[in-house]
Amino acid sequence: MGSRDGLPVPVTEAGQAGLSAILDDPAAALLAVDYDGVLAPIVPDPTNSPPLPGIISALARVAERLGAVAVITGRPAQVVVDYGQFDREPALADLVVFGHYGMQRWDARSGVTSPPPPAGLAAVRSELPALLEAHGVTDAWIEDKAVAVAVHTRRAADPAGALATLTGPISDCAQRHGLVVEPGRFVLEVRPPGADKGQTLRAYAQERQARSVCYIGDDLGDLPAFDAVESLRRNGIAGLTVASGSTEVTAVAERADVVVDGPPGVAALLRALADALS
């Protein structure tokens, strides 16, 4: 793959147009990124997930030059803010962090705004330990996210087998209580229906009146954001999709205009973008 201004050349014409629009009119551009797998490496213990060293400063350099920068994550917004220490970077003063796929919103001026826990979540939370035991997957880990609950199998003896075993039963449990399951990299998250990264990205692009949008993701939950970029393109807003590639999830890379090698590749891309915009 070639490069423009040190940046990789997108493999699609639409992606090339998206990159050109960002470079030609950065003040009208929106960059949105996932956190885990993009700004932070995927780790066995999700309760300790700091960002890749140097990547937040690279994001800050880009934020100084673009119209808007956002993080859209499945995690609680405040957790990601604490990990990323975004509030310590003056150049990220206008950053917005959307938590729980967009149900929560954080910015440096207002802090976190969050909905109440959804009806049915308490019942799911109470049923999950017995469900894991009944299916012989007691080495999975349950994470309480306040307005969602996630079951991680990465630390199980057979992560992929445990995920396959639990997908059906957890989906049935969620459906009984009016909730949905968001699959990810060795994780099943039970959450309210209606919020996804695509809806959040479209709404924020409209709020910012963006004329170009770039989204960087790594997991299945990021595919709705890729859909949103494609939808925005059809409405005259240039778009670029970037995959933070991994061997665990290939569907994202197959959809992306640009594929980079995990968070180190994202950091290099951000630095190259900041350089190109300088």
Side-chain angles (χ1 to χ4, degrees), residues 30-40 42 46-51 55-56 59-60 63 68-89 92-125 128 142-152 174 177-185 187-208 210 213 215-229:
L30 164 62
L31 169 68
V33 301
D34 188 11
Y35 181 76
D36 292 285
V38 175
L39 298 181
I42 297 295
T47 64
N48 181 26
S49 184
I55 200 167
I56 302 303
L59 183 67
V69 174
V71 176
I72 308 177
T73 174
R75 285 185 183 262
Q78 191 63 56
V79 169
V80 169
V81 171
D82 292 343
Y83 280 145
Q85 299 185 342
F86 300 124
D87 49 354
R88 299 187 182 185
E89 278 282 358
L92 295 175
D94 294 324
L95 175 75
V96 174
V97 177
F98 294 98
H100 292 300
Y101 303 89
M103 287 188 291
Q104 290 184 333
R105 177 170 176 155
W106 173 94
D107 64 61
R109 297 171 183 83
S110 304
V112 175
T113 56
S114 181
L121 187 64
V124 170
R125 190 184 293 115
L128 280 176
I142 300 172
E143 179 187 7
D144 189 347
K145 295 186 171 185
V147 297
V149 62
V151 177
H152 298 264
H177 297 289
L179 303 172
V180 297
V181 170
E182 184 74 45
R185 294 168 68 171
V187 63
L188 299 165
E189 180 169 322
V190 181
R191 63 179 182 86
D196 66 39
K197 293 182 178 182
Q199 293 173 344
T200 300
L201 182 62
R202 279 192 295 270
Y204 194 52
Q206 182 177 15
E207 176 183 329
R208 299 295 309 206
V213 174
Y215 186 81
I216 308 178
D218 75 303
D219 207 347
L220 298 176
D222 296 305
L223 292 178
F226 279 22
D227 292 338
V229 171

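Annotation: side chain of Glu189 is in contact with side chain of Lys145 (closest heavy-atom distance under 4.5 Å). Residues Glu182 and His100 fail the side-chain proximity criterion, which asks for heavy atoms closer than 4.5 Å. Residues Arg75 and Ser49 have side chains in contact (heavy-atom distance under 4.5 Å, counting atoms from C-beta outward). Within the 4.5 Å cutoff, no side-chain heavy atoms of His177 are placed close to those of Leu121. Contact annotation: the side chain of Gln104 approaches that of Pro115 to within less than 4.5 Å [non-hydrogen atoms, C-beta and beyond].
For the atom pair CG of Asp222 and CD1 of Ile216, the computed distance is 10.5 Å after rounding to the nearest 0.5 Å. Going from atom CG of Asp227 over to atom CG of Leu201 covers 10.5 Å, rounded to the nearest 0.5 Å.
Annotation for Val38 and Ile55: closest pair O-CD1, 3.5 Å, computed over non-hydrogen atoms. Contact detail for Tyr101 and Ala195: the closest heavy-atom pair is CB-O, 4.0 Å. Nearest heavy-atom pair, Ala63 versus Leu92, reported as atom, atom and distance to 0.1 Å: CB-CD2, 3.6 Å. The nearest pair of heavy atoms linking Tyr83 to Pro50 is CD2-N, 4.5 Å. Ile42 approaches Gly37 most closely through the heavy-atom pair CD1-N, 3.6 Å. Here the closest heavy-atom approach between residue Pro193 and residue Gly178 is recorded as CD-O, 3.5 Å.
Ring orientation note: the planes of Phe86 and Tyr35 are nearly perpendicular, at an angle over 60° on the 30°/60° scale.
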Worked verdict on Val81 versus Val112 for side-chain contact (heavy atoms from CB on, under 4.5 Å):
CA-CA 10 Å; Val81 171; Val112 175; 6.0 Å; no
Going through the distances and angles, do Arg191 and Val147 end up as a side-chain contact (heavy atoms from CB on, under 4.5 Å)?
CA-CA 7 Å; Arg191 63 179 182 86; Val147 297; over 6 Å; no
Could you give me the CA-CA distance, side-chain angles and deciding distance for Gln78 and Ser114, then say whether side-chain contact (heavy atoms from CB on, under 4.5 Å) is met?
CA-CA 10 Å; Gln78 191 63 56; Ser114 181; over 6 Å; no
Val79 vs Asp82, test: side-chain contact (heavy atoms from CB on, under 4.5 Å). Steps then yes/no.
CA-CA 5 Å; Val79 169; Asp82 292 343; 5.8 Å; no
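Each of Ile72, Asp34, Val97 was evaluated against Val80; a single residue qualifies, Val97, per the side-chain contact (heavy atoms from CB on, under 4.5 Å) test.
Side-chain atoms of Glu89 do not come within 3.5 Å of backbone N or O of Ala60 as any donor-acceptor pair. In terms of modelled atom types and a separation under 3.5 Å, the side chain of Asp196 and the main chain of Gln199 share a donor-acceptor contact.
Within 6.0 Å of CD on Glu207 lie more than 12 heavy atoms contributed by other residues, nucleotides or ligands.
Ion pairing between a basic and an acidic side chain is recognised when a charged N comes within 4.0 Å of a carboxylate O; Asp36 and Arg185 show no such pairing. Using a 4.0 Å cut-off between charged nitrogen and carboxylate oxygen, Arg109 and Asp87 do not count as a salt-bridge pair.
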